[in-house]
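These numbers were taken from a predicted model, which means no experiment stands behind them. Along the sequence shown, residues carry numbers from 1.
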Amino acid sequence: MTFSEILVLFLALVIAITLVLMLRKLFFGRKTKIQIDKKVNSRELFEPVGSENSEKEIPQDDNLDELAEEGILDSSPEGEIENVKPEMLTLHLQNTEESKFSYDAIKKFLGSSSIEYSDEGGWFKISIDEDDSFLLVNGLNPGKFVPEDGLLETQVMTLIYSFKPKANSVSAFSKMIDIAQLMAENFQSKILDSDRNNLTKQMVDHYSQIAEEYDLNNLA
């Protein structure tokens, strides 16, 4: 093999390696946030049909104790708040034992952001629009912070959205994801699904589909 042939092979190898590295960086070098396909929105795609609807009554999130009493919120043997009803979507934010969520830090975070919220006495209601909201609660029993008892920290925070007839559940879940991501970044925590596994794009799509199906079944 001549020197010129060796040189050509060497240059071809360099070019091939460069292309592989460029493609790898293009497709795998950047982490993207979990997003919901905003095209999936029943309130924009469909007009209401019919004025009367035999809607199933769904407990509202006006009071966390009422949710617990009606069996919508339950707890696992480890004391974690669980979602046990299909008409709710639940996400968890988990921190480390050394870096817990604190009541004051969460209030400071919410107050310094553009998030509209209200402190309901140890747990929070996050407003989505004028008629819709979701809960942000202590993910461990008793489901809220209790300052008078010195319960001011937790390792798990839970976001709970209760489906409501005539609401835009897909849009609400999208906002819940956005706020969960903001909190995860601010508190260096992990976002978990309702089964406390790491939240994946596939599960986000699955939850979004559940919300879409609920909206389609409750058009009014």
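Distance check, rounded to the nearest 0.5 Å: CG of L89 to NE2 of H206 gives 9.0 Å. Put simply, NE2 on H92 and CG on N197 are 10.0 Å apart, with the number rounded to the nearest 0.5 Å. Considering CG of L159 and CD1 of I191, their distance stands at 8.5 Å, rounded to 0.5 Å. Put simply, OG on S133 and CD on E116 are 10.0 Å apart, with the number rounded to the nearest 0.5 Å. Atoms CD and OH, on Q202 and Y207 in that order, are 12.5 Å from each other to the nearest 0.5 Å.
N198 places no side-chain N or O within 3.5 Å of a backbone atom of L192 that could act as its donor or acceptor partner. In this structure, S113 contributes its side chain and I115 its backbone to a donor-acceptor pair below 3.5 Å. Judged purely by atom type and a 3.5 angstrom limit, D129 uses its side chain to pair as donor or acceptor with the backbone of D131. In this structure, N138 contributes its side chain and K144 its backbone to a donor-acceptor pair below 3.5 Å. When atom types are taken as modelled, the side chain of S99 and the backbone of T96 share no donor-acceptor pair closer than 3.5 angstrom. A donor-acceptor pair under 3.5 Å links the side-chain atoms of D119 to the main chain of G122, judged by distance alone. Between the side chain of Q155 and the backbone N or O of N95, at least one donor-acceptor pair lies under 3.5 Å. In this structure, the side chain of K100 does not engage the main chain of E98 through any donor-acceptor pair within 3.5 Å. Checked by atom type and distance alone, the side chain of N186 never pairs as donor or acceptor with a backbone atom of L182 at under 3.5 Å.
Aromatic rings from F187 and F109 are positioned such that their centres are separated by under 6.0 Å.
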Checking side chain to side chain contact (heavy atoms under 4.5 Å, CB included) for the pair N218/K166: CA distance, chi angles, key distance, verdict?
-> CA-CA 7 Å; N218 289 274; K166 303 181 182 180; over 6 Å; no
Report the C-alpha separation of M176 and L91 in whole Å, then their side-chain angles, then the decisive distance to 0.1 Å, and conclude whether the side chain to side chain contact (heavy atoms under 4.5 Å, CB included) test is met.
-> CA-CA 9 Å; M176 190 164 78; L91 298 175; 4.0 Å; yes
Kindly indicate, with the supporting measurements, whether the criterion side chain to side chain contact (heavy atoms under 4.5 Å, CB included) is fulfilled by L136 and M183.
-> CA-CA 11 Å; L136 176 62; M183 290 191 65; 3.9 Å; yes
Quick one: do Y161 and D132 satisfy side-chain hydrogen bond (donor to acceptor under 3.5 Å, both in side chains)? Show the steps, please.
-> CA-CA 9 Å; Y161 178 70; D132 206 2; 2.7 Å; yes
Mind running side chain to side chain contact (heavy atoms under 4.5 Å, CB included) on V170 and S208 for me, showing each step along the way?
-> CA-CA 6 Å; V170 174; S208 184; 4.0 Å; yes
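For the pair L93 and A184, the tightest heavy-atom approach, listed with the atom from each and the gap, is CD2-CB, 4.1 Å. Residues Q94 and S189 come closest through the heavy atom pair O-CB, 3.2 Å. The two residues A167 and D215 make their nearest non-hydrogen contact at O-OD1, 3.2 Å. Between P147 and L152 the shortest heavy-atom distance is CA-CD2, 3.6 Å. Taking every heavy atom of both residues into account, T158 and G139 meet most closely at OG1-CA, 3.2 Å. Residue G111 comes nearest to Y117 through the heavy atom pair N-CE2, 3.8 Å, listed as atom of the first residue, atom of the second, then distance.
Taking the six-membered ring for Trp and thresholds of 30 and 60 degrees, Y103 and F145 have nearly parallel ring planes, at less than 30 degrees apart.
Side chains of K125 and S118 form a contact here, defined as non-hydrogen atoms less than 4.5 Å apart. Between F134 and I160 there is no side-chain heavy-atom pair separated by less than 4.5 Å. F173 is not listed as a side-chain neighbour of I210, based on a closest heavy-atom distance of 4.5 Å or more. Residues L140 and T154 form a side-chain contact, since some pair of their non-hydrogen atoms from C-beta on lies under 4.5 Å apart. By the 4.5 Å heavy-atom criterion applied to side chains, L110 and F124 are counted as neighbours.
The 12-atom threshold is not exceeded at CD of E130, counting heavy atoms of other residues, nucleotides or ligands nearer than 6.0 Å.
In summary, D104 and K108 do not engage in a salt bridge, as defined by a charged side-chain N under 4.0 Å from a carboxylate O.
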